[in-house]
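Excluded from the calculations below are hydrogen atoms, water molecules and symmetry mates; all remaining heavy atoms, backbone and side chain alike, are included. When a ligand or atom number is given, it counts from 1 through the structure's own listing order.
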Amino acid sequence: MNQVEKARIPDVPQIHQLINRFAGKGEMLPRPLSELYEDVRDFFVIREGEQVVACAALHVSWSDLAEIRSVAVAEDSQRKGLGDQLVATCLKEAAELGIATIFCFTYQPEFFRRQKFADIDKMELPRKVWTDCFRCPKFPNCDETALIYHAEEQA
Ligand SMILES: CC(C)(COP(=O)(O)OP(=O)(O)OC[C@H]1O[C@@H](n2cnc3c(N)ncnc32)[C@H](O)[C@@H]1OP(=O)(O)O)[C@@H](O)C(=O)NCCC(=O)NCCS
């Protein structure tokens, strides 16, 4: 079992590389380095030695809402359960914070559906749309799928 750890500042350039490698292939949206430093406390990582091989972030949106974003697992480390482990860790942290509703925007909806996320209309997430989405180059032609997880429904 790989260990999930909170990200540290020296991990940020590697997180940036990991996310932007997939973003370059159109598999996720890019994240600027400056934003990743600002959001470093959102991130969990899995390392192999000094190398970050997987990352995911839990970003608090409001009193009752958080987003899982930037889930990325290096190609050689995929299909070994790391993605599942990271999402589970984000959901656990949300529960510890007292947040029961977690959403994500993704090009891999099937991966999240397996984790009991359900599809949702993006317009039901107005806070996301009018903050992050509004700044996205693809706005308003978003081609990601929005999904939502309600902790109390899983209990
Ligand atoms: C999507 C991604 C995070 C999955 O990570 P992973 O570590 O390979 O996933 P896991 O090994 O934990 O897989 C868990 C389960 O999801 C399934 N799964 C993995 N990737 C999947 C995908 N793309 N579509 C559907 N199911 C998928 C696996 O088969 C596994 O199920 P199983 O145990 O029943 O076989 C990884 O492929 C990735 O980083 N992709 C590029 C970036 C990206 O698309 N991120 C999406 C989130 S924004």
Side-chain angles (χ1 to χ4, degrees), residues 1-7 11-61 65-95 99 101-125 127-129 131-151 154:
M1 190 80 152
N2 294 77
Q3 204 182 335
V4 179
E5 297 173 82
K6 286 299 278 185
D11 298 323
V12 172
Q14 291 191 57
I15 293 171
H16 183 244
Q17 271 183 15
L18 190 57
I19 292 172
N20 288 305
R21 190 163 74 243
F22 289 120
K25 296 193 276 182
E27 294 181 24
M28 58 199 298
L29 295 179
R31 302 279 311 267
L33 192 55
S34 58
E35 197 179 284
L36 294 175
Y37 279 119
E38 283 175 13
D39 290 354
V40 64
R41 281 175 290 192
D42 288 353
F43 272 89
F44 293 98
V45 294
I46 295 175
R47 300 190 187 85
E48 269 177 31
E50 296 298 304
Q51 192 68 31
V52 171
V53 295
C55 66
L58 180 81
H59 185 75
V60 177
S61 302
L65 189 66
E67 177 182 9
I68 292 183
R69 56 192 187 189
S70 301
V71 185
V73 179
E75 292 85 344
D76 290 350
S77 299
Q78 288 181 4
R79 302 284 169 147
K80 295 178 181 170
L82 305 194
D84 262 0
Q85 246 182 288
L86 283 162
V87 170
T89 303
C90 289
L91 294 177
K92 182 166 174 279
E93 187 178 60
I99 296 178
T101 306
I102 298 94
F103 72 96
C104 67
F105 276 50
T106 183
Y107 293 117
Q108 300 289 350
E110 213 41 62
F111 171 72
F112 286 95
R113 286 180 193 127
R114 286 183 59 268
Q115 302 251 17
K116 303 199 166 66
F117 282 70
D119 294 45
I120 185 175
D121 187 328
K122 293 176 188 107
M123 290 305 153
E124 289 185 46
L125 295 164
R127 194 169 300 279
K128 169 74 176 172
V129 173
T131 52
D132 296 342
C133 297
F134 199 54
R135 293 187 281 128
C136 176
K138 294 197 173 181
F139 184 82
N141 300 311
C142 176
D143 53 358
E144 291 188 298
T145 302
L147 299 105
I148 198 148
Y149 175 96
H150 297 288
Q154 314 305 331

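- Listed by number with element, the atoms of ligand 1 under 4.0 angstrom from any heavy atom of Glu27 are 41 (C), 44 (O).
- Distance from atom 12 (O) of ligand 1 to its nearest protein heavy atom, with residue and atom name: Asp84 N, 2.8 Å.
- Protein heavy atom closest to atom 42 (C) of ligand 1, with residue, atom name and distance, is Met28 SD, 3.6 Å.
- Protein heavy atom at the shortest distance from atom 8 (O) of ligand 1 is Arg79 N, 2.7 Å.
- Checked by distance only, ligand 1 and Phe105 stay at 3.5 Å or farther apart across all their nitrogen or oxygen atoms.
- Close contacts of ligand 1 with Glu110, meaning ligand atoms under 4.0 Å from a residue heavy atom, involve 25 (C).
- Taking each of Ala56, Gly83, Ala72 in turn, the one with a heavy atom nearest to atom 7 (O) of ligand 1 proves to be Gly83.
- Side-chain N or O atoms of Gln85 include one that pairs as donor or acceptor with a backbone N or O of Asn2 at under 3.5 Å.
- If you check which protein heavy atom lies closest to atom 39 (O) of ligand 1, you get Val73 N, 2.7 Å.
- Counting heavy atoms closer than 4.0 Å to ligand 1, residue Thr106 contributes side-chain atoms (C-beta onward) but none from N, CA, C or O.
- A distance of 12.0 Å separates CD of Glu124 from NZ of Lys122, quoted to the nearest 0.5 Å.
- For atom 32 (P) of ligand 1, the closest non-hydrogen atom of the protein is Arg114 NH2, 4.0 Å.
- Nearest to atom 3 (C) of ligand 1 among the protein's heavy atoms is Val71 CG1, 3.7 Å.
- Separation of atoms CZ (Phe44) and CG (Leu58) is listed at 7.0 Å; rounding is to 0.5 Å.
- Between the side chain of Glu67 and the main chain of His59, no donor-acceptor pair closer than 3.5 Å is present.
- Rounded to the nearest 0.5 angstrom, Cys55 SG and Leu82 CG are separated by 11.0 Å.
- Ligand 1 has Phe111 within reach: a non-hydrogen atom of the residue lies less than 4.0 Å from it.
- Using a cut-off of 4.0 Å between Lys/Arg side-chain N and Asp/Glu carboxylate O, Glu93 and Lys6 are scored as salt-bridged.
- Between Tyr149 and Phe117, the two ring planes are tilted [angle within 30° to 60°].
- When hydrogens are left out, the protein atom nearest atom 23 (N) of ligand 1 is Gln108 OE1, 2.6 Å; that is the closest non-hydrogen contact.
- Counting only heavy atoms, the protein gets under 4.0 Å from atom 44 (O) of ligand 1.
- Note: Leu18 CG to Asp11 CG = 11.0 Å, rounded to the nearest 0.5 Å.
- From Ile15, atom CD1 reaches atom CG of Asp39 across 10.5 Å, with rounding to the nearest 0.5 Å.
- In this structure, atom 36 (C) of ligand 1 lies nearest to the protein heavy atom Gln78 NE2, 3.7 Å.
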